[in-house]
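Have a look at the structure below before the remarks.
Numbers restart at 1 for each chain; the letters A, B, ... are given by sequence-line order, proteins then strands. Computed from a predicted structure; not experimentally measured.
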There are 2 protein chains.
Amino acid sequence: MQKVQELRMTRQRRIILEELRKVDTHPTADQLYLCVRDRLPRISLATVYRNLELLVREGLIQRLEFGGTRKRFDGNPEGHHHLRCLSCGEVRDASGHIPALQRVARSSDGYEITGYHLELTGYCACCRKDKDDS
Amino acid sequence: MQKVQELRMTRQRRIILEELRKVDTHPTADQLYLCVRDRLPRISLATVYRNLELLVREGLIQRLEFGGTRKRFDGNPEGHHHLRCLSCGEVRDASGHIPALQRVARSSDGYEITGYHLELTGYCACCRKDKDDS
DNA sequence: GTCAATGCAAACGATTTGCACGATC
DNA sequence: GATCGTGCAAATCGTTTGCATTGAC
């Protein structure tokens with residue numbers, strides 16, 4: 001009989017989750033590793049990677065399906081959209097809803113649409129100011 | 001005075017472009033490498049990578065900003081949307097336009113929106129059939 | 001003939017894995 | 001006390017780069 005694997009709440013796992021939930025940028029594994037190391041100096045990067053994958057599988061966090069070579073993680077498990085600044089590269093949450101989307105999608109040839117990923121790109125307030133100054 | 005670098009049309013470059021335009025899936029560099037090698041058995045993977053980047057810079061093809069660890073390339077240089085099948089993983093073009101999008105985006109806090117990436121996920125006609133059979 | 005482009009191999013950065021030890025239940 | 005999770009180091013994967021040679025113009 002198949003034993004369901006139990007999930008132990010280790011110090012490392014708890015602190016990784018806490019730190020990820022604390023920020024509203026969507027850090028890469030090693031950005032998060034740096035934060036976590038302030039509280040757990042002996043933690044290894046491999047542990048961060050392992051726990052992030054595990055938390056994704058548990059549905060407690062999300063892995064962003066976008067951009068660049070590095071994976072980014074999101075402490076908010078709900079579906080939502082993102083804004084990526086083309087200047088500083090940071091990714092923040094976009095509020096609001098895009099209601100027509102699912103309907104549009106359903107018209108495409110034979111696909112059964114179950115979801116979508118949306119990333120808006122542009123310049124954040126901060127970087128726009130820098131641009132205007134120069 | 002700055003000399004503009006000229007772009008030589010080598011056999012490799014031409015064939016890479018031809019093979020990429022031939023397919024409507026959006027291959028990774030090494031998927032394309034396999035196709036191209038049928039016609040140029042001595043080509044190296046590095047050449048494929050170098051030319052893909054170059055063709056992106058020239059605006060002749062697009063690099064997809066989505067999904068997974070591997071880069072994917074698109075022979076169609078026009079902006080358009082994609083459908084990714086959650087079962088077979090293939091990425092195909094989605095027809096249609098999502099008109100309200102830019103307007104919605106502009107309301108978000110201080111961002112100047114210049115574009116967006118949209119990927120729909122679901123099951124392609126082929127994989128839906130497999131699901132129904134089983 | 002010049003200089004960009006190639007093929008090869010080695011380097012690289014991000015992520016994953018094997019293994020002995022440590023910690024949670 | 002069993003076994004899951006950790007830290008460390010080595011392995012792996014996708015991609016990039018250095019360099020001597022080749023080929024397009």
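Distance from the side chain of B:Gln12 is smallest to C:dG7 among D:dC8, C:dG7, D:dC4. The side chain of A:Ile43 has D:dG7 as its nearest neighbour among D:dT15, C:dA5, D:dG7. Here the nucleotide nearest the side chain of B:Tyr49, chosen from D:dG7, D:dG14, C:dG7, is D:dG14.
Between B:Arg42 and C:dC8 there is a side-chain N or O to OP1 or OP2 distance below 4.0 Å. Distances shorter than 4.0 Å separate none of the side-chain N or O atoms of A:Thr10 from OP1 or OP2 on D:dC4. Taking side-chain N and O atoms only, B:Lys71 has a distance below 4.0 Å to OP1 or OP2 of D:dT16. Listed pair B:Thr47 / C:dG7 meets the phosphate criterion, a side-chain N or O lying under 4.0 Å from OP1 or OP2. For the pair A:Arg70 and C:dA14, the criterion of a side-chain N or O lying under 4.0 Å from OP1 or OP2 is met.
The distance from the CG atom of B:Asn51 to the CG atom of B:Leu32 is 10.0 Å, given to the nearest 0.5 Å.
Between the side chain of A:Arg50 and the base of D:dG7, a donor-acceptor pair under 3.5 Å is found. At a cut-off of 3.5 angstrom, counting only N and O atoms as typed in the model, there is a donor on one side and an acceptor on the other between the side-chain of A:Arg8 and the base of D:dC4.
With salt bridges taken as basic N to acidic carboxylate O contacts below 4.0 Å, one links B:Glu19 and B:Lys22.
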